[in-house]
Amino acid sequence: MLKNSGGPSSMNILAVLQERFRAALAPLVEDPTDLLTMIRPSGDPKFGDYQANFAMPLGKKLGKPPHDVAAEVVAKLEVDDLCDPPEVAGPGFINLRVKDSWLAEAAGRALASERLDVTPAAQPRTYILDYSSPNVAKPMHVGHIRSTVIGDSLKRTLKFLGHRVIADNHIGDWGTQFGMIIYGFKNFLDRAAYQQEAVTELGRLYRLVNRLVSHLEAKQSLPALREQIEKQRAESARQAAAAKQTPADKNIAKAARRAEGNLKELEAALKEREAGIAAIENDPELSKLAAAHPDIDKSVLAETAKLHHGDEENLRLWREFLPPCLADIQKIYDRLGVTFDETLGESFYHDRLPGVVEEMISRGIARESDGAICVFLAGQPAPLVIRKQDGAFLYGTTDLATIQYRMERWKPDAILYVVDHRQSLHFEQLFGAARAWGYDQLELQHIAFGTVLGDDGRPFKTRSGDTVGLEGLLDEAVRRALEVVRTGDEHKPSGAEIAAEQQEVIAEVVGTGALKYADLATNRTSDYTFSYDRMLAMNGNTATYMQYAYARVRSIFARGDVDVAKLRASGGAIDLAHPAERSLAIGILQFSEALAQTAADYRPNLLTAYLYEVANRYSTFFEQCPVLKAPDEKTKTSRLLLCDLTARTLKQGLELLGIEVVEKM
RNA sequence: GCGCCUGUAGCUCAGGGGAUAGAGCAACGGUUUCCUAAACCGUAGGUCGCAGGUUCGAAUCCUGCCAGGCGUACCA
């Protein structure tokens, strides 16, 4: 946060305060930087707007009563222009209340600024953002939207703060799934369907082959699983007997419970696997196919290997399949308003892989183990495998080659991977290997996020157990948004005012916005429970509420026939006499702080929380402070200016989340 | 077994060393001759999983335990 602090003219109140305190603390400590992080917005309005909490630890360090230390610092502190006289409270809290006149002036500056006077980063960095990364020909699902939406928002935010950002979509266009599609194409193609809609047919082929391969693997794994169950059953019985003999020993009882649990888990897995096998075998079509392709697993690997080794026909097919698949993915990006600066898929790095492995070996970073080439890392139980026994490369190899390429081409300061938390081990290994390879000055971050759950607390699936397609998800959100827009319009005091076609345009913005916002608003490390009703609520922390607040502002301008350009140029002053006006203004002026925090922690939910706060304060202002019917012209102008600032802050903030606004809803 | 994540109000979630732990939904009560009432204001609701420890101060940091999820060398 401190590294982004602006100059004295900055709108970032916190940064200004930190500078003032830095000067006041200089005679007392060598480096006050740590203490300055202890200045923060007050938790309770009665303690003012900001509070400095460093006097307690500092008093301890200096061996003086904290209250005296606080008083000493306050005596040296020069904030007369900025704050009311600071107060020392409790054990040594320094409470600061920003002067209304200062707030009004700062608001005036924000008004005159394109970018709402948000301070750009003092030291711009180069970021590579790796997000979305769908697998070609595998349908995108609800997990991909989270990566896409979080990544897109971080991209927008970092760019807005003045950083150089390269958004690179690392598409899965070279993996085993192509072996499956090629095998399917050669054996099960419905040519008519392919000609009509290539992607749909390729998707069908992928799912069919994938199912047959899984079926085969399941069947092959049954004996081992049964054996494991027998062993576990014996173990469980042994533990149970031991527990019976010494009932007082808690550890033994616990072990017995655990063994029993393991057994149940294995039995459930067996049952599930058997049911899956039965499902195929009871299906006359599928069982015939399964019987006719008994080596399908090996054949698929062979097709993949042929592709990777430059086989003419497979390469030709790959080139044929790729464009329609990419176009299909692009359709979703267009609808979401998501863009990338580069789309360099796995295939792009194909040529580099042998060189990467050779270099890792020759430099002693990787070595052979069980026929595979591995990078063993201190503190890691498992190595990162970069070449399989059969000579094939893995995604870790590609990831290393990708880091190498990115360093050569962009020399980034940081690479951020917005990927499901389940891959955290992989990234730990990858980052360790990259550091061993010499990329130790580079910030490598796994921006992990949790799973999207359904109402039942299980991963979000349809009733029939399929993963939910993105397209359908969007359609449903938009359909429900249309209902919200329609009923909202009907309930307006002056009656409905939006034409049917316009309602549909609005519903698209509201529906996609709701979906994105839901992904952004929870702390990304935790799982979140998906609910259309909650995400489209007009109340609470939702995009809809924010969009509604924006539309209410715009409605005032429309109804009052206000020319916003003229208003801004009018030279009118902002006056903060009413508490709701003041609270709104200081909220708006904290935009810069919210963005700095969002960027520092790579957490868009800090920005959503901020916008919710602003929208909330606006609603209060809206209730308590008539604008068009303000008591006098001066107040009316001031309130209109506040409305304009609010609208611009909400619009800009939502834009950084990748969410649009509408003039009416 | 080991590793990572999670556990906060009935539900969904914020807060991740600072003063009395917050919001939305659900419940209860109030506000409309007034710029969008699907709004706003208020009431009620909590041993912050449990137990220790560090600290002037712990929901927050450390240790142990309990519960759930995920992962655990040649898939991505």
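Numbers restart at 1 for each chain; the letters A, B, ... are given by sequence-line order, proteins then strands. Values reported hereafter were calculated over all heavy atoms of this structure, with side chains retained and with hydrogens, waters and symmetry mates removed.
The residue T525(A) sits close only to the backbone: its heavy atoms come under 4.0 Å of sugar-phosphate atoms, none of a base. Within the nucleic acid shown, K492(A) comes within 4.0 Å of at least one base atom, counting heavy atoms only.
Taking the six-membered ring for Trp and the full ring otherwise, Y545(A) and Y548(A) have centroids separated by 6.0 Å or more. Aromatic pair F427(A)/Y417(A): ring centres closer than 6.0 Å.
Between the side-chain ring of F93(A) and the base of G18(B), no stacking contact exists by the 5.5 Å and 30° definition. Stacking of Y548(A) onto the six-membered ring of A39(B) is not present when judged by under 5.5 angstrom between centres and under 30° between planes.
Because its NZ or CZ atom is not both nearer than 6.0 Å to the ring centre of Y618(A) and within 45° of the ring axis, R552(A) does not count as a cation-pi partner of that residue.
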Protein N or O to nucleotides 25-30 of chain B N or O, pairs below 3.5 Å:
residue : atom : partner : partner atom : Å
C25(B)  : OP1  : N539(A) : ND2          : 3.1

So which protein nitrogen or oxygen atoms get under 3.5 Å of nucleotides 11-14 of chain B's nitrogens or oxygens?
residue : atom : partner : partner atom : Å
U12(B)  : O3'  : T529(A) : OG1          : 3.2
U12(B)  : O2'  : R534(A) : NE           : 3.1
U12(B)  : O2'  : R534(A) : NH2          : 3.3
C13(B)  : OP1  : T529(A) : N            : 2.7
C13(B)  : OP1  : T529(A) : OG1          : 2.7
A14(B)  : OP1  : N523(A) : N            : 2.7
A14(B)  : OP1  : S526(A) : OG           : 2.9

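Between Y545(A) and the phosphate of C40(B), there is a side-chain N or O to OP1/OP2 separation shorter than 4.0 Å. The phosphate of U36(B) (OP1 or OP2) has a side-chain N or O of S555(A) nearer than 4.0 angstrom.
Of the candidates A73(B), G24(B), A37(B), the closest approach to any side-chain atom of Y612(A) belongs to G24(B).
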